[in-house]
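Note sheet for the following structure.
Whatever order the structure lists ligands and atoms in, that order sets their numbers, starting from 1. What you see is a predicted model, and the numbers here were worked out from it, not measured in a lab. All values below were derived from every heavy atom in this structure, side-chain atoms included, with hydrogens, water molecules and symmetry-related copies excluded.
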Amino acid sequence: MIVLSVESSCDETSVSLIRDGKEILSNVVLSQIDIHKEYGGVVPEIASREHIKGITYVFEEAISKADIEVKDINLVAVTKGPGLIGSLLIGVNAAKAFAYLNNIDIIGVHHIAGHIYANQISEDLVFPLVCLVVSGGHTELILMKEHYDFNKLGETSDDAVGEAYDKVARTIGLGYPGGPIVDKLAFLGKANYKMPDLKNIPGYGFSFSGIKSHVINLVHNAEQRKEEINKEDLCASFQNAVTDVLVYKSKKAIKEYGAKMFMIAGGVAANKGLRAKIKDEITDVKIVVPEFKYCTDNAAMIGVAGYYQYLKYKQKDDMKLNGSSRLNLE
Ligand code: KG4
Ligand code: ZN
C-alpha cells in the first residue's frame with residue numbers, strides 16, 4: 001500500500017511517499033526557518049504564502065524522488081490539525097485536489113499522531129507504551145494500549161517545552177528557533193544557576209511558564225546591575241531543570257502503567273540533553289527515539305500515522321475534509 005502524505009501545519013511544507021507504513025520512498029521538506037528568523041518566530045500570514053509557493057513543487061519532487069507513478073498511490077493522508085489555520089488549509093486543499101483528480105481515498109491525520117508515529121519508522125511499536133510528546137505547541141504524556149489508541153495522562157497547563165526553549169533563547173539573544181542553540185550551549189556550561197522546582201505539579205501535569213519567567217527576570221536583573229550572564233551556564237541550568245521533570249514524570253508513567261516501551265516525539269525529541277538523560281535514567285524498558293530528521297515537522301510521520309489510522313478504522317474522509325487549528329488527539 002503506497003501512501004502520499006502532506007504536512008503544512010506550521011512552517012514546513014512537506015510531501016512524502018511511504019510503502020506499507022514503513023519504507024520511506026521520499027520525504028521532501030521545504031523549511032521556512034530562514035524567512036521567519038528575521039521576525040524571531042513564525043509569522044502566520046507569511047507562512048501561508050510560503051506554503052502556496054512551495055506546495056506544488058514538493059508534490060512533484062516527492063513523487064519524482066519516490067520513483068513511482070501516481071496510479072500506484074493508494075491513499076492520501078494530510079495533517080488536518082492542530083496548527084496555524086492558514087497553513088493547514090494549503091496542505092488540506094492541495095491534498096484534496098490531488099486525491100479528487102486522481103480518484104484516490106483521502107484521510108485527515110492529527111499532527112501529534114504523526115509525531116508519535118515517527119517512532120514506528122525506526123521500530124515496531126510494542127504496547128502498552130508511554131510516549132512523551134514535546135514540541136513547539138505540545139507537552140504531554142500519552143499512554144497507548146494498542147495502535148492508534150491515545151490516552152492523555154497529563155499535559156502542560158501553560159507553555160509547551162519548545163515554546164519555553166524558544167523564549168529563553170530569545171531573551172539571551174540566541175536567535176530562532178532557539179531550542180537547538182540552547183541545547184548546544186547547555187553542553188558547554190554547568191548547571192549552577194538556581195532554577196524553580198518543576199516537579200511539584202500534581203499527577204502528570206507540567207508547567208513551564210514559571211521557569212521561563214524566572215530566566216527572563218534573571219537576565220533583566222543582571223542587565224540592570226550591569227552583570228555578565230554566563231549563557232552556557234544558564235542554558236545548562238534551564239535544560240537540566242526541564243529535562244529532569246520530563247524524565248521524572250515519564251518514569252512515573254512507565255511504572256504506573258507497566259509500559260513495555262517508552263518513546264519521545266516532537267521537535268524537542270531532538271534535544272541531546274533529554275536523549276542522554278533518558279538513556280541514563282530509564283533502564284528497565286525499551287526506549288525508542290525518532291531519527292533526528294523525523295523529529296521536527298515532516299510528511300513522512302503523517303503518512304505512517306495515516307496508514308495505521310486507515311488500517312484500524314477503515315474510514316476515509318471526503319471532499320468536506322477541512323483544517324482545524326484546534327483538534328483533540330483522543
Ligand atoms: O514539532 P515541531 O517541529 O513543531 C511543532 O509541532 O511545534 O517542534 C518545534 C520546536 C521548536 O520550539 C524548537 O525550538 C524545538 O522544537 N526544538 C528543540 C530542539 N530542536 C527543535 N528544542 C530543544 N532542543 C532541540 N535540540
Ligand atoms: Zn510538530
Side-chain angles (χ1 to χ4, degrees), residues 5-14 16 27 29-33 36-37 40-42 44 47 78-85 87-88 91 109-119 131-140 142 155-156 159-172 174-188 208 211-212 215 235-236 238-243 245-247 263-278 289-302 304-305 323 325-327 329:
S5 53
V6 184
E7 155 65 36
S8 71
S9 64
C10 189
D11 61 340
E12 264 91 24
T13 322
S14 179
S16 173
N27 182 40
V29 185
L30 274 190
S31 169
Q32 304 174 8
I33 282 184
H36 299 290
K37 226 179 212 165
V42 177
V78 58
T79 305
K80 65 175 177 182
L84 301 171
I85 190 63
S87 292
L88 287 164
V109 176
H110 194 287
H111 181 73
I112 295 301
H115 275 303
I116 294 171
Y117 271 86
N119 286 289
C131 184
L132 172 68
V133 178
V134 274
S135 75
H138 295 258
T139 303
E140 50 206 29
I142 303 287
E155 64 187 327
T156 178
D159 292 4
V161 190
E163 207 177 339
Y165 262 95
D166 293 339
K167 190 70 208 247
V168 162
R170 200 186 314 172
T171 305
I172 47 181
L174 299 180
Y176 175 85
I181 314 172
V182 172
D183 189 13
K184 214 166 163 184
L185 290 192
F187 276 87
L188 304 172
F208 297 102
I211 190 167
K212 179 189 76 181
V215 171
C235 289
F238 171 77
Q239 178 143 307
N240 187 47
V242 167
T243 53
V245 68
L246 293 174
V247 173
M263 329 193 292
I264 48 175
V268 186
N271 186 274
K272 296 203 175 71
L274 177 62
R275 286 173 177 238
K277 198 164 277 180
I278 286 171
V289 291
E291 276 182 58
F292 282 112
K293 62 181 172 192
Y294 300 126
C295 284
T296 42
D297 294 349
N298 66 87
M301 66 185 198
I302 301 300
V304 177
S325 56
R326 291 168 159 272
L327 197 63
L329 177 66

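With a 4.0 Å cut-off on non-hydrogen atoms, Asp297 touches ligand 1 through its backbone as well as its side chain. Of the heavy atoms in Glu12, none comes closer than 4.0 Å to ligand 1. With a heavy-atom cut-off of 4.0 Å, His111 touches ligand 1 through its side chain alone. By the criterion of a heavy-atom distance under 4.0 Å, the side chain of Asp183, and not its backbone, is placed next to ligand 1.
Closest to atom 20 (N) of ligand 1, if we only count protein heavy atoms, is Gly267 O, 3.4 Å. The nearest heavy-atom contact from the protein to atom 14 (O) of ligand 1 is Asp166 OD1, 2.6 Å.
In terms of N/O distances under 3.5 Å, ligand 1 is not approached by Gly178. In terms of polar-atom proximity, defined here as any N/O pair under 3.5 Å, Pro177 makes no such contact with ligand 1. Taking any N or O of Cys295, backbone or side chain, none lies under 3.5 Å from an N or O belonging to ligand 1. By the 3.5 Å distance cut-off applied to N or O atoms, Gly266 is not counted among the residues near ligand 1. Polar contact with ligand 1: absent for Lys272 (N/O pair, distance under 3.5 Å).
Heavy-atom distances between His115 and ligand 1 reach below 4.0 Å in at least one pair. Ligand 1 is approached by Gly137 to a heavy-atom distance shorter than 4.0 Å.
The Zn ion (ligand 2) sits nearest to atom NE2 when only the N, O or S atoms of His115 are considered.
For the Zn ion (ligand 2), the set of nearby N, O or S atoms under 2.8 Å includes none belonging to His138.
For the residues Val168, Asn271, Val42, the heavy atom positioned nearest atom 24 (N) of ligand 1 is part of Asn271.
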